[in-house]
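The figures that follow rest on heavy atoms only: side chains count, while hydrogens, waters and symmetry mates do not. Numbers restart at 1 for each chain; the letters A, B, ... are given by sequence-line order, proteins then strands.
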Amino acid sequence: MTSTTPAPPFDPRVLKAPHPVPGAPNNWRRFLSFNTDAKVIGLQYMITALFFLLVGGLLSMIMRGELITPAADLVDPTVYNGLYTMHGTVMLFLFLFPILNGFNNLLIPPMIGAPDMAFPRLNAAAFWMVPVFGVILMASFLVPGGPSGAGWWAYPPQSIQNPLGHFINGQFLWILAVALSGISSIMGAVNFVTTIIRMRAPGMGWFRMPIFCWTAVAAQAIQLIGLPVLTAGAVLLLFDLSFGTSFYLPEGGGDPMLYQHFFWFYSHPAVYVMVLPVFGIFSELFPVYARKPLFGYHVVAIASFAITFLSLIVWVHHMFYSGTPQWMRNLFMVTTMLIAVPTGIKVFAWIGTLWGGKLRLTTAMLFSLGGVFNFIFAGITGIMLATVPVDIHVGNTYFVVGHFHTVIFSTITYGVFAGIYHWFPKFTGRMMYEGLGKLHFVLTFIGSQLTFLPMHAAGLMGMPRRVASYDPEFAFANVLASLGAFLLGVATIPFLLNLVSSWVRGEKAPPNPWNAIGLEWLLPSPPPAENFEHDVPTVISGPYGYGLGRPLVDDEERFVAKAANASTGA
Amino acid sequence: MTITTPNPAEAPAHSDHAAHGDHTLTGFVIFLLSESVIFLALFAGYAIYKTSSPLWLPPGVEGLEVIEPLRFTVVLVSSSGVIYLAERALHRGRLWQFRAWWLLTMAMGAVFLVGQGLEWAALPFGLGDGVYGASFYLLTGFHGLHVLTGVLLMGLMLARSFRPGNYDAGSVGVTAVSLFWHFVDVIWVVLFVLIYVWQR
């Protein structure tokens, strides 16, 4: 583990640098401390998130074990309700958001040439809230009545039932965890946006920024606008649940639809909070592994903000069957379909980048290609779901579950895996094993198709979601999906093995193992605590200049040589 | 800048570690914009209930008294002018004048909170009285929490002013708290119009 230390203990650079704070441990124990170095925080986020990926994955295995037979025989249906609620909540709030914040922390400062985030202590505080609300959420398995069974939507009136009458119940803990997650995300968003606005290297105008940073700002803008609305909705829910108000109870003049509006105003855009950085990862990786500039860089950059804007005016498409007036359905059907335009532009740009490129099929590239492949499929089912008549027919069936998981797992999580394989050498200083990586990809690709494709079929046949037992006519699709889910569980083994063994004893990574263009690749692997320290390069051209023969920064050879020296000297 | 002492020979070409500390206001404004969305959501919810709820005023409740809250509104809103005077005094280096205006702002905030408490105590309906009671107490309470936060933050900034030389070059904290106070006041004006003025 000492191999991950950025510098020898008495290196004067460390003493001179304000971060990590004096006295902070410089070995593996720094991951358990209130460390303010964005690179440590980034890895803290990622390790925590990967732990919760296993938790959420385990919950889904139990669910798929239940669903392998039509009858509810493995777990009690009430327990099953708790399982899908916790699976969704864990995967979104404890796996995907934290792991993407891990990428933000690791990538944004080096990519823009900043020494650290704008607010290092706020950054550390935002991270340490994640294990806190993780424990709170997990604790709901231990309270009387078990965890919330209202689904990750927590729609009232189901979510304000409290049959056992305890003040601290599963739903209460769920609201508390989601609220803390929101506060943590807002703190992160303020930090990321401020850093990108204020701390770019000299010469790095907005249109010289890597797409990942564009998508990070676009995604964090959604957090800043959307999360407060979810928080407001959750506060009212908490009052209804615990303090006897009737915001969502028609008996007292309240309106349960208002919760749905509050919830989806954030929780639909939340998908874009997760998918935008993954679009950023794809846009970073394709040029590297196709050796071509990103096709239509400017348009791809601006499309991120078009997605942000449109994502804020589509939420009612989750409520087509909730008694929404027809004019509202039509309006939101059109806005939802419009969002296919900027996303389609991005897909087109990636294909344009790949076209005629000299492709290198590394594990990272395979996951990116697989992710885009799955995303195109999910995009088509997304357009189907945006259509009011289709949605009223298949809403709340397994078709939606299949669509959603093709986005959340087969696109976003693929992008996360791609990013990990691509940047692992940079931030740990070790190469990952390509063989194990390709095995991980092949198992994941087969597993995810086997799991999620049959769900679409079952949904079109009419199988409702969130049920522990179902009609035997859906059995075949469910057996396939369960086998696929277990295969995905198996696929995690080579991944974890690869992460641990590469980090401990992998081959030492050079500063730029993929021969990529970008400020982060001009740093040693792993980068020193303050990235470029006092010697920040001046950016003189746009990103992705593959094959164009122009340097990215002034005096590039010196930075390359410096990084190489620092890497071999460490 | 404050933590590292760069060797003059390698003087940074740009404001390198202005990196740490100089972005507080940018970050704070972003936070306030985000915070205002919570209020926007609550306002929207209130307007929807007000216009569409079949059960609005609880039985026996006619509406809210306007004149008394209006007095406290005037106190709160005019404190925005007082805090501006405090900031100007600090800008001119008149520390005692700053403290006096600052303390007056705190006092005006406290008066508003007391007025709020008195009004709550005298009202004939409670939090559990339908969606009207719930919305009223939630909105005014959530805003009151912000006023209280503002007063406490002002206390902190006042205490900091007694560290010798601490505010010689102005204070980002004072500017941020002042911005927060203006924010709290603007929110109250909207809230007052929604809850007290728009009753019929």
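- Looking at A/F532, there are no atoms closer than 4.5 Å to chain B (heavy atoms on both sides), in backbone or side chain.
- B/S80 and B/H182 share a donor-acceptor pair across their side chains, judged by distance under 3.5 Å alone.
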Below 3.5 Å, can you tabulate the donor-acceptor pairs from side chains in residues 244-255 of chain A to any protein atom, sequence neighbours excluded?
residue: A/T245; atom: OG1; partner: A/F239; partner atom: O; Å: 3.2
residue: A/T245; atom: OG1; partner: A/D240; partner atom: N; Å: 3.1
residue: A/T245; atom: OG1; partner: A/D240; partner atom: OD1; Å: 2.5
residue: A/Y248; atom: OH; partner: A/G233; partner atom: O; Å: 3.0
residue: A/D255; atom: OD1; partner: A/M257; partner atom: N; Å: 2.9

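- Side-chain atoms of A/W264 and A/Y259, non-hydrogen and from C-beta on, never get closer than 4.5 Å to each other.
- Pairs engaging residues 152-172 of chain B under the salt bridge (Lys or Arg N to Asp or Glu O under 4.0 Å) rule: none recorded [sequence neighbours left out].
- With chain A as the partner, the residue from B/S135, B/P58, B/P54 showing the most heavy-atom pairs under 4.5 Å is B/S135.
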Report all side-chain donor-acceptor pairs from residues 104-125 of chain B shorter than 3.5 Å, counting only partners two or more places apart or in another chain.
residue: B/T105; atom: OG1; partner: B/W101; partner atom: O; Å: 2.8
residue: B/E119; atom: OE1; partner: B/Y196; partner atom: OH; Å: 2.8
residue: B/E119; atom: OE2; partner: B/Y196; partner atom: OH; Å: 2.9
residue: B/W120; atom: NE1; partner: B/T140; partner atom: OG1; Å: 3.3

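- With hydrogens and angles left out, the side-chain atoms of B/W188 and B/T73 include a donor and acceptor closer than 3.5 Å.
- Of the N and O atoms on the side chains of A/R121 and A/T36, not one donor lies less than 3.5 Å from an acceptor on the other residue.
- Both the backbone and the side chain of B/L127 come within contact range of chain A, each with at least one heavy atom under 4.5 Å from a heavy atom of that chain.
- Interface with chain A: from residues 29-36 of chain B, residues B/I30, B/F31, B/S34 qualify, criterion being any non-hydrogen pair under 4.5 Å.
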